[in-house]
Amino acid sequence: MIQNGKIMGEEEFEEEVLNIKRVTKVVKGGKRLGFRAIVAVGDKKGKVGVGVGNANEVPTAIRKGAMNAKKAMIDVVLNPRGTIPHEIIGRSDAGMIIMKPAAPGTGLIASSTVMSIMELAGIKDILAKSIKSNNPLTVAYAVMNGLKQLRSPSDIARYRGMSVKEVFEGKKVGA
């Protein structure tokens with residue numbers, strides 16, 4: 001059903017271009033120019049995705065990147081305070097990123113690539129440090145891999161066969 005020009009049930013996502021790079025392919029007649037766009041898409045409520053699009057023109061590459069980002073969306077576990085529940089290390093190829101929860105009001109302390117992804121995920125306070133690679137694509141994938149590893153306290157309690165209160169108190173099973 002369509003209402004006000006929008007399809008009902010379709011969520012509104014914001015797009016942000018993280019990086020545009022000119023790439024070349026060597027062919028028989030010389031070099032063929034193209035563009036690679038890294039795009040992040042999110043709803044600022046816990047859903048975020050990163051995608052890459054390649055095309056001969058920039059707008060087409062951005063559109064393809066956004067489509068791929070929507071296909072690769074994940075749900076991010078957030079605290080009610082607007083941060084992540086625990087420290088996590090995300091890795092991708094040669095890139096590594098350490099993400100730590102921050103106190104309310106701290107803001108996003110991270111590189112521009114990480115900051116864009118966190119904003120689109122709805123994270124308001126976080127400390128992040130990128131180690132090794134500073135390639136935007138590697139950093140973006142490392143952030144996404146880290147966000148996939150996040151678990152809520154209730155998930156951890158269910159996995160350990162404990163109550164949420166016991167998880168926070170640090171009791172061991174069988175002790």
Side-chain angles (χ1 to χ4, degrees), residues 7-19 38-53 65-175:
I7 299 170
M8 294 301 290
E10 184 179 297
E11 297 181 50
E12 270 302 309
F13 295 113
E14 288 187 34
E15 295 178 10
E16 193 162 334
V17 178
L18 302 178
N19 184 281
I38 305 169
V39 182
V41 175
D43 65 354
K44 297 192 175 187
K45 297 176 193 167
K47 282 192 168 204
V48 69
V50 172
V52 179
M67 282 178 17
N68 290 333
K70 286 178 184 174
K71 289 178 187 175
M73 287 205 123
I74 61 168
D75 289 319
V76 180
V77 177
L78 298 174
N79 271 355
R81 299 177 301 165
T83 187
I84 57 176
H86 55 86
E87 183 178 330
I88 201 79
I89 297 174
R91 291 182 175 88
S92 175
D93 298 331
M96 187 166 90
I97 185 153
I98 299 169
M99 296 175 272
K100 295 180 182 181
T106 303
L108 298 169
I109 299 175
S111 68
S112 60
T113 303
V114 178
M115 195 179 301
S116 298
I117 295 170
M118 296 299 173
E119 282 177 357
L120 291 171
I123 297 171
K124 295 175 183 67
D125 302 302
I126 195 166
L127 302 169
K129 176 68 180 166
S130 180
I131 300 172
K132 296 182 182 179
S133 176
N134 60 358
N135 177 341
L137 185 59
T138 303
V139 170
Y141 282 153
V143 169
M144 293 301 290
N145 287 337
L147 293 177
K148 283 180 195 174
Q149 295 173 27
L150 288 174
R151 301 287 175 253
S152 69
S154 58
D155 289 343
I156 293 168
R158 192 172 30 256
Y159 176 75
R160 294 181 185 176
M162 307 166 76
S163 70
V164 176
K165 186 177 180 183
E166 289 174 327
V167 170
F168 281 112
E169 290 173 356
K171 289 186 179 178
K172 294 181 182 169
V173 177

field: Evaluation steps, side-chain contact (heavy atoms from CB on, under 4.5 Å), between Leu108 and Glu119
entry: CA-CA 8 Å; Leu108 298 169; Glu119 282 177 357; 3.3 Å; yes
Test side-chain contact (heavy atoms from CB on, under 4.5 Å) applied to Ile38 and Asn68, Val17, Leu18, the passing residue: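 Of all the options given, the one that passes is Leu18.
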message: With side-chain contact (heavy atoms from CB on, under 4.5 Å) as the criterion, how do Val48 and Ile74 come out once you've worked through the C-alpha distance, each side chain's angles and the decisive distance to 0.1 Å?
response: CA-CA 6 Å; Val48 69; Ile74 61 168; 4.3 Å; yes
Distance from [X] atom [atom1] to [Y] atom [atom2], nearest 0.5 Å?
X	Y	atom1	atom2	value
Ile126	Thr106	CD1	OG1	11.0 Å
Leu120	Met115	CG	CE	12.5 Å
Arg91	Met96	CZ	CE	5.5 Å
Ile117	Glu16	CD1	CD	9.5 Å
Ile97	Lys132	CD1	NZ	13.5 Å
Ile123	Met118	CD1	CE	4.5 Å

Of the non-hydrogen atoms in [X] and [Y], which two are nearest, and what is the gap between them?
X	Y	answer
Ile88	Gly146	CG1-O, 3.6 Å
Met144	Gly49	CE-CA, 3.7 Å
Pro136	Asn19	CG-ND2, 3.3 Å
Val139	Ser133	CG2-O, 3.7 Å
Met99	Ala128	CG-CB, 4.2 Å
Val77	Arg151	CG1-C, 4.1 Å

- request: Decide yes or no on side-chain contact (heavy atoms from CB on, under 4.5 Å) for Gln149 and Ile89, but give the supporting numbers first.
  value: CA-CA 9 Å; Gln149 295 173 27; Ile89 297 174; 5.9 Å; no
Looking at [Y], is its backbone amide N or carbonyl O close enough to the side chain of [X] to form a donor-acceptor pair, meaning the two atoms are under 3.5 Å apart?
X	Y	answer
Asn135	Leu137	yes
Asp125	Gly107	yes
Asn145	Gly90	no

- request: Please say whether more than 12 non-hydrogen atoms of neighbouring residues, nucleotides or ligands are located less than 6.0 Å from CG in Asp155.
  value: yes
message: When you compare the side chains of Ser111 and Thr113, does any donor N or O come within less than 3.5 Å of an acceptor on the partner?
response: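 Distance-only check fails for Ser111 and Thr113.
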Worked check of side-chain contact (heavy atoms from CB on, under 4.5 Å) between His86 and Leu150: CA-CA 7 Å; His86 55 86; Leu150 288 174; 3.8 Å; yes
